[in-house]
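Note sheet for the following structure.
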Amino acid sequence: MNFPGNGQQVQSKEDFVRFLSELRINLSEHPAEWENRSLESYLEAMEAWLADSSADSSEPSWGTLAELLLAARIYE
């Protein structure tokens, strides 16, 4: 499964829907690659990544949302 390296290749709603499908399949097939497998730890990692990131908060792009979801897999 190849995710976009930084999520910025996700540029449209359709790209994001495909990305979500790939992310879900990756969790199912490769759970050891995920530091945050429970919903609670995943959401906590999302919160921490957003707080620590330099992402522009005015209008996130599809790519920024993809980056957030990718980072939450492993962010501590």
Side-chain angles (χ1 to χ4, degrees):
M1 188 79 34
N2 293 327
F3 294 115
N6 62 11
Q8 290 304 314
Q9 293 175 352
V10 177
Q11 297 182 4
S12 67
K13 179 181 174 182
E14 293 77 19
D15 290 346
F16 192 70
V17 169
R18 272 191 303 279
F19 173 83
L20 287 175
S21 176
E22 290 174 2
L23 196 64
R24 180 183 46 78
I25 291 167
N26 184 267
L27 173 59
S28 175
E29 294 179 353
H30 306 283
E33 294 178 2
W34 289 61
E35 179 72 29
N36 302 304
R37 288 173 264 202
S38 75
L39 179 58
E40 181 179 9
S41 65
Y42 190 76
L43 292 173
E44 184 177 353
M46 287 175 68
E47 177 185 358
W49 184 86
L50 276 174
D52 295 344
S53 82
S54 61
D56 181 6
S57 62
S58 61
E59 275 192 51
S61 67
W62 292 113
T64 302
L65 293 173
E67 285 185 38
L68 169 62
L69 296 177
L70 278 175
R73 292 172 49 235
I74 56 172
Y75 202 80
E76 294 184 39

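Keep in mind it's a predicted model, so treat the numbers as computed, not measured.
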*Mind running side-chain contact (heavy atoms from CB on, under 4.5 Å) on His30 and Ile25 for me, showing each step along the way?*
CA-CA 8 Å; His30 306 283; Ile25 291 167; over 6 Å; no
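- Minimum interatomic distance between Leu69 and Met46 (heavy atoms only, all atoms of both residues): CD2-CE, 4.0 Å.
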*Give the intermediate values and the outcome of side-chain contact (heavy atoms from CB on, under 4.5 Å) for residues Leu23 and Leu27.*
CA-CA 6 Å; Leu23 196 64; Leu27 173 59; over 6 Å; no
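- One finds the CG atom of Leu39 at 11.5 Å from the CD atom of Glu44 (value rounded to the nearest 0.5 Å).
- Listed by chain and residue number, nothing satisfies the salt bridge (Lys or Arg N to Asp or Glu O under 4.0 Å) test with Arg37 (two or more places apart in sequence, or in another chain).
- Residues meeting the side-chain hydrogen bond (donor to acceptor under 3.5 Å, both in side chains) test with Tyr75, sequence neighbours left out: Asp52.
- Remark: of the listed residues Arg18, Gln11, Lys13, Arg18 is the sole one forming a side-chain hydrogen bond (donor to acceptor under 3.5 Å, both in side chains) with Asp15.
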*Let me see the working for Val10 and Thr64 under side-chain contact (heavy atoms from CB on, under 4.5 Å), right down to the final yes or no.*
CA-CA 8 Å; Val10 177; Thr64 302; over 6 Å; no
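- Linking Ile, Leu, Val, Met, Phe, Trp and Tyr whenever their side-chain heavy atoms come within less than 4.5 Å leaves Trp49 and Ile74 in two separate clusters.
- Of the inter-residue distances, the one linking Ser21 atom OG with Arg24 atom CZ reads 4.5 Å to the nearest 0.5 angstrom.
- In this structure, Glu47 places its CD atom where only 12 or fewer heavy-atom neighbours from other residues, nucleotides or ligands lie under 6.0 Å away.
- Residues Glu33 and Asn26 share a closest heavy-atom pair of OE1-ND2, 3.4 Å.
- Note that the CG atom of Leu20 and the CG atom of Leu65 stand 9.0 Å from one another [nearest 0.5 Å].
- Between the OG atom of Ser12 and the CD atom of Glu14 there is a distance of 4.5 Å, given to the nearest 0.5 Å.
- Considering all non-hydrogen atoms of both residues, Asn36 and Ala45 come closest at ND2-CB, 3.4 Å.
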*Can Arg73 and Glu35 be said to form a side-chain contact (heavy atoms from CB on, under 4.5 Å), step by step?*
CA-CA 6 Å; Arg73 292 172 49 235; Glu35 179 72 29; over 6 Å; no
*Please lay out, stage by stage, how Trp62 and Phe19 fare under the test ring pair (Phe, Tyr, Trp, His ring centres under 6.0 Å).*
CA-CA 10 Å; Trp62 292 113; Phe19 173 83; over 10 Å; no
